[in-house]
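Taking it in order: structure first as structure tokens, then the write-up.
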Amino acid sequence: MRILVYGAGVIGCELAHELCKGENEVTILARGGWKQSIDKNGLTIRHYCQLHKTIDQVKTIEILQEDDKYDVIFVVMQYIQVLEIIQKLAKNISKYVVLIGNNMNPAYCREQIYNQSLTEKEVAFGFQGIGGFKEKDRVISMHFNKIVLTVGGLTENLTTEFKRSIIMAFEKTVYKLKWEHHMEGWLLSHGAHILPTAYICYILNCNLRRTSKEQISLVVDAVAEAHKMLKKLGYPIRPDGEEEDFAEKRNKKQRMLYLMVKTPAGKFVISNHCANAVGEMTALDGEFKKLQIKADMHMPAWDKLRKEAMMALENKK
């Protein structure tokens with residue numbers, strides 16, 4: 001299969017590395033010095049938990065042309081960057097597009113791609129749970145032996161052909177595909193989960209080891225408030241059990257989050273991303289604020305964390 005990974009951050013590089021294992025012709029869209037590094041040295045990844053390094057020879061491009069045809073395009077970019085390339089995706093002739101990553105307005109993204117496209121398109125959404133950071137000529141990637149990719153349609157199952165194409169792409173990889181029929185609800189629920197933790201990051205200058213138990217308690221309360229707000233607007237809380245974890249199993253969730261932020265996992269998965277994606281987190285926050293205003297919900301824990309985070313970011317300017 002001819003596959004394009006549009007975006008060469010940590011997640012995009014890990015995705016391209018794994019897709020090279022299958023019967024795929026993989027291309028990665030990268031720019032500047034990072035593209036030059038891949039072209040010269042190969043796609044170099046240090047797998048933190050597995051204690052080994054991989055180097056893949058991957059074709060690179062800088063620009064997606066309208067007549068570049070791929071069996072599947074996986075877009076792995078920050079939310080604000082996805083908004084900037086919608087027209088390029090729409091004008092390209094490839095049929096299947098999977099947007100992977102945080103997205104607080106997936107319905108808008110899909111609608112814009114459909115409306116601006118002159119050819120038949122199908123758009124799916126996904127989320128890949130790994131962390132890490134980039135160095136000058138390599139990626140440091142933190143993930144388990146099995147990488148879970150949650151993927152599916154906005155509010156429906158994917159067509160048989162689209163699903164088959166995704167399955168074929170991941171043959172011989174370590175990925176576990178987890179199919180989701182309502183990715184809109186899943187992504188909004190995920191946003192409700194990550195934003196309060198991002199607020200803590202900015203309050204503490206991205207040093208999560210300083211997080212107090214009281215702050216983690218506020219995070220859990222804020223997520224529970226956000227779940228109620230999303231349900232009021234008619235969005236399902238996805239995946240199954242997510243709402244119960246933050247309500248009925250509150251103490252257990254609080255202990256898990258506290259442990260996570262005190263270990264290297266917190267740095268790899270949360271604080272590194274927040275430090276390098278202030279623009280994305282600010283955009284996600286803005287989208288969530290619109291939902292809160294629409295729902296007319298009182299969210300004291302959420303508002304307290306958000307206010308402190310916005311003040312901290314403002315003071316850094």
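Contact annotation: the side chain of M297 never approaches that of W302 to less than 4.5 Å [non-hydrogen atoms, C-beta and beyond]. Looking at heavy atoms from C-beta onward, S165 lies in side-chain contact with M1 at the 4.5 angstrom threshold. Looking only at side-chain heavy atoms (C-beta outward), M310 and R306 come within less than 4.5 Å of each other. K231 has its side chain within reach of I237: a pair of non-hydrogen atoms, C-beta onward, lies under 4.5 Å apart. Counting only heavy atoms from C-beta outward, the side chains of L305 and I203 approach each other to under 4.5 Å. The closest side-chain heavy-atom distance from Y114 to V123 is below 4.5 Å. Using a 4.5 Å cut-off on side-chain heavy atoms (C-beta onward), L89 and Y6 make contact. For the pair V151/E180, no side-chain contact is recorded, criterion being any heavy-atom separation below 4.5 Å from C-beta on.
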Criterion side-chain hydrogen bond (donor to acceptor under 3.5 Å, both in side chains) on T27 and K59, from CA distance to verdict
CA-CA 5 Å; T27 300; K59 179 182 177 182; 4.8 Å; no
What verdict does the side-chain hydrogen bond (donor to acceptor under 3.5 Å, both in side chains) test give for Q78 and N102, after you've listed the backbone C-alpha separation in whole Å, the side-chain angles of each residue and the deciding distance to 0.1 Å?
CA-CA 7 Å; Q78 293 182 18; N102 295 314; over 6 Å; no
I45 vs K53, test: side-chain contact (heavy atoms from CB on, under 4.5 Å). Steps then yes/no.
CA-CA 6 Å; I45 304 176; K53 180 177 75 172; over 6 Å; no
One pair to check against side-chain contact (heavy atoms from CB on, under 4.5 Å): L158 and I166. What are the steps and the verdict?
CA-CA 10 Å; L158 299 180; I166 295 173; 3.8 Å; yes
From CA spacing to verdict: side-chain contact (heavy atoms from CB on, under 4.5 Å), C109, N105
CA-CA 7 Å; C109 293; N105 202 341; 5.5 Å; no
Quick one: do H181 and T155 satisfy side-chain contact (heavy atoms from CB on, under 4.5 Å)? Show the steps, please.
CA-CA 6 Å; H181 68 279; T155 57; over 6 Å; no
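In this structure, W186 has its ring center at least 6.0 angstrom away from the ring center of H182.
Relative orientation of the F170 and Y175 rings is tilted, given thresholds of 30° and 60° on the angle between their planes. By the 30° and 60° cut-offs, the orientation of the rings of H227 relative to F246 is perpendicular. Ring pair Y48/F268 is tilted by interplanar angle, where 30° to 60° counts as tilted.
For H298, the NE2 atom counts as loosely surrounded, since its 6.0 Å shell holds 12 or fewer non-hydrogen atoms of other residues, nucleotides or ligands. Heavy-atom contacts from other residues, nucleotides or ligands closer than 6.0 Å to CG of N145 number 12 or fewer. Residue K304 qualifies as open at atom NZ: its count of foreign heavy atoms under 6.0 Å is 12 or below. Counting heavy-atom neighbours within 6.0 Å of Y108 OH, excluding the residue itself, gives a total of 12 or less. In K253, the NZ atom is crowded: over 12 heavy atoms of neighbouring residues, nucleotides or ligands sit closer than 6.0 Å.
A donor-acceptor pair under 3.5 Å links the side-chain atoms of T263 to the main chain of M260, judged by distance alone. Listed for the T282 side chain is a donor-acceptor partner under 3.5 Å among the backbone atoms of V278. Checked by atom type and distance alone, the side chain of K176 never pairs as donor or acceptor with a backbone atom of K146 at under 3.5 Å. The main-chain N or O of R138 is never found under 3.5 Å from a side-chain atom of T44 such that the two would form a donor-acceptor pair. Using modelled atom types, no side-chain atom of K267 and backbone atom of L208 make a donor-acceptor pair closer than 3.5 Å. Between the S37 side chain and the G33 main chain, no donor and acceptor come within less than 3.5 Å of each other. The main-chain N or O of Y96 is never found under 3.5 Å from a side-chain atom of S94 such that the two would form a donor-acceptor pair. Side-chain atoms of Q65 do not come within 3.5 Å of backbone N or O of I63 as any donor-acceptor pair.
Closest approach of G126 and V98 over heavy atoms only: N-CG1, 4.4 Å. When all heavy atoms are compared, the tightest approach of K262 to T211 is NZ-O, 2.9 Å. When all heavy atoms of I270 and C201 are compared, the closest pair comes out as CG2-SG, 3.6 Å. In this structure, R210 and L204 approach most closely via the heavy-atom pair NH1-O, 3.2 Å. The two residues K35 and I61 come nearest to each other via the heavy atoms CE-C, 3.9 Å. The heavy-atom pair separating D68 from N92 by the smallest distance is O-ND2, 2.7 Å.
Between the side chains of S141 and E14, a donor-acceptor pair is found at a separation under 3.5 Å. A donor atom on one side chain and an acceptor atom on the other are found under 3.5 Å apart for D285 and Y199. D39 and T60 share a donor-acceptor pair across their side chains, judged by distance under 3.5 Å alone. Inspection of the H17 and D56 side chains reveals an N or O donor paired with an N or O acceptor under 3.5 Å. In this model, no donor atom of one side chain and acceptor atom of the other lie less than 3.5 Å apart for E184 and N103. Donor-acceptor pairing under 3.5 Å is recorded for the side chains of Y79 and E287. At a cut-off of 3.5 Å, with distance as the only test, no side-chain donor of Q128 or H143 sits close to an acceptor on the other residue. Between the side chains of K316 and N205, at least one donor N or O sits under 3.5 Å from an acceptor N or O.
Ion pair R31/E62 not flagged as a salt bridge, since none of the NZ, NE, NH1 or NH2 atoms sits closer than 4.0 Å to an Asp/Glu carboxylate oxygen. Checked for salt-bridge contact, R164 and E171 miss the test: no charged N lies under 4.0 Å from a carboxylate O.
For the atom pair S189 OG and E242 CD, the distance stands at 6.5 Å (nearest 0.5 Å). Between the CZ atom of R255 and the CZ atom of R250 there is a distance of 11.0 Å, given to the nearest 0.5 Å. Going from atom CD1 of I113 over to atom NZ of K88 covers 13.5 Å, rounded to the nearest 0.5 Å. To the nearest 0.5 angstrom, D67 atom CG is 6.0 Å from I93 atom CD1. Atoms NZ and CG, from K232 and D296 in turn, are 5.5 Å apart once rounded to the nearest 0.5 Å. Rounded to the nearest 0.5 Å, atoms CD (E25) and CG (D71) are 9.0 Å apart.
The only option from K69, E161, K121, E122 that meets the side-chain contact (heavy atoms from CB on, under 4.5 Å) definition with K95 turns out to be E122.
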